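Worksheet: the structure to be examined is printed underneath.
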Amino acid sequence: MIFTVKKTGFIAFILLLGMMLVLSACGSKDADENNGSGEVTGPAAETPQAEEPAAEPTLLDKIKESGKLRLGTSADYPPYEFHKLIEGKDTIIGFDIEIAKAIAADLGVELEITDMGFDGLLTALQSGNIDMVLAGMTPNEERSNAVDFSDVYYTAVQKVIVRAEDKDKYKTIDDLKGLQVGAQLGAIQEGIVKEQMPESKLRSLTKLPDLILDLKSKNVEAVVVEEPVAAAYIGANPELVISDIQLQQDEAGSAVALPKNSPELVEAVNATLKRLADEGKIAQFVTEATNAMENEKPE
Ligand code: ARG
């Protein structure tokens, strides 16, 4: 009797031990699956994923936190953005700058401006050195792969600037066959010259004033830019004119470029752009920038 009880107890003990072993083996197998493989599944894995957005601050949060919005621009594009001496101080002004100031004000932060070559802007944005670009930049497919764009806030057509003395000589694209035509490095105007003036020779330079200088000194025969910019440069250089040369698909919009996958920032920028457009402010900024430019004495 005693023996039987003891034996039953022993068997129960062995069974219990066996069950514990099986359970612990299952447990460690589960743990291995979660930690070992890259793809984690199951409820245990969902928890950290669901918490992520709240834990990780967005770019918009970071900008507000830092108290400043870092704008990158290429200040060689009047009336969009350009340098002007104001009370003896070199200042960057233009309608893009006024829009950028309004964006910063709406975010409650200060605007910090960095002037660089147009062709370096998207790289600076991608590497996190700046938070946004306003530089009369036209959204296109290639750029949209690298950065996010706001809504378009302004549109302009493309024009060809030539020397006044050549206005009658260069009236069509054909008249520029075999000749040098300038466009800003990294700008869509390079593509326009390549596609629409394939028989001309493209000369690309980083800064637009250098191309204008080239045009005046007969290093290039024509320069392609957006119309308001053409008007600005011919205003300051009476020996230059807008030619009669007609370009196709010549409308280019300007939008704010922002780092890829920054939906909160895009939304905030679009809200400011919409407010400015509704209040007629964008048109006002364009007029003011154009006037500021015209008051400038030609070189
Ligand atoms: N709209 C043209 C582009 O996106 C030219 C812009 C040039 N802008 C400037 N700030 N230089 O390529």
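Both ligands and their constituent atoms are indexed starting at 1 by order of listing. No experiment lies behind these values; they were computed from the predicted model shown.
Lys167 and Asp244 are joined by a salt bridge, as a carboxylate oxygen and a charged side-chain nitrogen come within less than 4.0 angstrom of each other. Ionic pairing of Lys62 and Glu264 is not present here: no N-O contact between side-chain nitrogen and carboxylate oxygen is shorter than 4.0 angstrom. Under the 4.0 Å criterion applied to side-chain N and carboxylate O atoms, Asp166 and Arg163 are assigned as salt-bridge partners.
Between Gln180 and Asp214, the side chains place no donor N or O within less than 3.5 Å of an acceptor N or O (distance only, hydrogens not considered).
When the options Val220, Val181, Ile173 are evaluated for a side-chain contact (heavy atoms from CB on, under 4.5 Å) with Ser200, the one that passes is Val181.
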Give a table of atom pairs where an N or O of ligand 1 lies under 3.5 Å from a protein N or O.
residue: ligand 1; atom: 1 (N); partner: Gly136; partner atom: O; Å: 2.8
residue: ligand 1; atom: 1 (N); partner: Thr138; partner atom: OG1; Å: 2.9
residue: ligand 1; atom: 1 (N); partner: Glu226; partner atom: OE1; Å: 3.2
residue: ligand 1; atom: 1 (N); partner: Glu226; partner atom: OE2; Å: 2.6
residue: ligand 1; atom: 4 (O); partner: Thr138; partner atom: N; Å: 2.8
residue: ligand 1; atom: 4 (O); partner: Thr138; partner atom: OG1; Å: 3.4
residue: ligand 1; atom: 4 (O); partner: Arg143; partner atom: NH1; Å: 2.8
residue: ligand 1; atom: 8 (N); partner: Ala135; partner atom: O; Å: 2.8
residue: ligand 1; atom: 10 (N); partner: Ser74; partner atom: O; Å: 2.9
residue: ligand 1; atom: 10 (N); partner: Glu81; partner atom: OE2; Å: 3.1
residue: ligand 1; atom: 10 (N); partner: Ala135; partner atom: O; Å: 3.3
residue: ligand 1; atom: 11 (N); partner: Asp76; partner atom: OD1; Å: 2.8
residue: ligand 1; atom: 11 (N); partner: Gln184; partner atom: OE1; Å: 2.7
residue: ligand 1; atom: 11 (N); partner: Gln184; partner atom: NE2; Å: 3.4
residue: ligand 1; atom: 12 (O); partner: Arg143; partner atom: NH1; Å: 3.4
residue: ligand 1; atom: 12 (O); partner: Arg143; partner atom: NH2; Å: 2.9
residue: ligand 1; atom: 12 (O); partner: Ile188; partner atom: N; Å: 2.7

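No side-chain heavy atom of Leu107 sits less than 4.5 Å from a side-chain heavy atom of Thr272.
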